[in-house]
Trainee: 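Take this structure, written in structure tokens, and hold onto it; I'll ask about it next.
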Amino acid sequence: MLTGAGYSFLWPEGEYGAKKRVEWGRMSMFVPPMQWWHQHFNPGAEPARYLALKPWGFKFNVEDLKDTGEDVKSGGAQIEYQDQNSEIHKVFLSECARRGAEARMPMFGT
């Protein structure tokens, strides 16, 4: 994480209830386990800037990894905003309020 402050949720496939929360700030680094879902949230006033590195290369068989730019509905690994878990969104709204930030993305359908 280069700038900003926030948190990420990480969880293994099919085990949303086992999600872990990782707090991060400027110059933090964390590595989600392979094949775990993760979502990043920046509920503060300063924009978050981060580097997301993928294990593409000679060591890993790329065909075994999901396309992270495609929606899960299309077989990829991207959770679209409107499809995120409503409990995750409630936590985000609470964190925005706690940190004095305005949430400008209401949950779809609410």
Side-chain angles (χ1 to χ4, degrees):
M1 307 311 290
L2 303 174
T3 63
Y7 61 95
S8 297
F9 284 124
L10 302 90
W11 67 96
E13 180 91 35
E15 297 184 37
Y16 173 74
K19 72 182 180 302
K20 309 286 185 217
R21 181 174 169 153
V22 175
E23 300 288 330
W24 49 260
R26 185 177 183 278
M27 303 307 287
S28 296
M29 183 173 86
F30 63 94
V31 180
M34 289 289 288
Q35 304 299 325
W36 275 40
W37 293 99
H38 52 280
Q39 286 183 278
H40 311 296
F41 298 90
N42 175 38
E46 181 184 12
R49 301 284 188 260
Y50 65 93
L51 298 173
L53 306 174
K54 298 179 183 180
W56 308 133
F58 298 112
K59 185 174 181 181
F60 296 96
N61 185 359
V62 175
E63 291 78 23
D64 291 343
L65 301 174
K66 292 180 181 179
D67 182 346
T68 56
E70 291 292 321
D71 184 355
V72 295
K73 294 175 186 171
S74 301
Q78 177 73 36
I79 299 170
E80 297 298 331
Y81 175 71
Q82 65 269 23
D83 297 326
Q84 76 177 341
N85 183 286
S86 62
E87 292 302 314
I88 286 178
H89 189 71
K90 288 177 188 173
V91 171
F92 174 67
L93 294 176
S94 173
E95 286 293 329
C96 285
R98 184 176 73 80
R99 299 174 193 222
E102 176 189 359
R104 295 180 286 172
M105 295 179 71
M107 188 68 176
F108 284 75
T110 61

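These numbers come from a predicted model, not from an experiment.
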Trainee: Heavy atoms only: give me the nearest Gln39-Phe41 pair and the separation to one decimal.
Mentor: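 Closest pair (atom of Gln39, atom of Phe41, distance): CB-CE1, 3.6 Å.
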Trainee: Applying the 4.5 Å side-chain criterion to the ILVMFWY set and letting contacts propagate, would Phe30 and Tyr7 be lumped into a single cluster?
Mentor: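 Looking at the clustering, Tyr7 is in a separate group from Phe30.
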Trainee: Please report the shortest heavy-atom distance between Met1 and Gly25, naming the atom on each side.
Mentor: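 Answer, listing the atom of Met1 first, then Gly25: CB-O, 3.4 Å.
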Trainee: How many angstroms lie between atom NZ of Lys20 and atom CH2 of Trp36, to the nearest 0.5 angstrom?
Mentor: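 Rounded to the nearest 0.5 Å, the NZ-CH2 separation comes out at 5.5 Å.
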Trainee: Do Asn85 and Lys19 have side chains that get closer than 4.5 Å, going by heavy atoms?
Mentor: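 No, every pair of side-chain atoms sits at 4.5 Å or beyond.
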Trainee: Can you tell me how far CG of Leu2 sits from CE of Met27, rounded to the nearest 0.5 angstrom?
Mentor: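 Atom-to-atom, Met27:CE and Leu2:CG are 7.0 Å apart.
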Trainee: For Trp24 and Gly4, which heavy atoms make the closest approach, and how far apart are they?
Mentor: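 Closest heavy-atom pair between Trp24 and Gly4: CZ3-C, 3.9 Å.
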Trainee: Nearest 0.5 angstrom please: Met29 CE to Leu51 CG, how far?
Mentor: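 Those atoms lie 11.0 Å apart.
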Trainee: Over all heavy atoms of both residues, which pair between Thr3 and Glu46 is shortest? Give the atoms and the distance, please.
Mentor: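 Where Thr3 meets Glu46 most closely, the heavy atoms are CB-OE2, 3.5 Å.
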Trainee: Please report the shortest heavy-atom distance between Phe9 and Ile88, naming the atom on each side.
Mentor: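 Nearest heavy atoms, Phe9 then Ile88: CD1-CG1, 4.0 Å.
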Trainee: Could you pull out the closest heavy-atom pair between Ala101 and Pro43, with the gap in Å?
Mentor: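 In this case the closest contact between Ala101 and Pro43 is CB-O, 2.8 Å.
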Trainee: Under the rule for salt bridge (charged side-chain N to carboxylate O under 4.0 Å, His left out), what residues qualify as partners of Glu23, not counting sequence neighbours?
Mentor: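 Partners of Glu23 under the salt bridge (charged side-chain N to carboxylate O under 4.0 Å, His left out) test: Arg21, Arg99.
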Trainee: How long is the straight-line distance from CD of Gln84 back to CH2 of Trp37, given to the nearest 0.5 Å?
Mentor: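 One gets 13.0 Å once the value is rounded to the nearest 0.5 Å.
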Trainee: Determine, stepwise, if the pair Val22 / His38 fulfils side chain to side chain contact (heavy atoms under 4.5 Å, CB included).
Mentor: CA-CA 10 Å; Val22 175; His38 52 280; over 6 Å; no
Trainee: First locate atom CG of Leu10, then atom NE2 of His40, and finally report the distance between them rounded to the nearest 0.5 Å.
Mentor: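 NE2 of His40 is found 7.5 Å from CG of Leu10.
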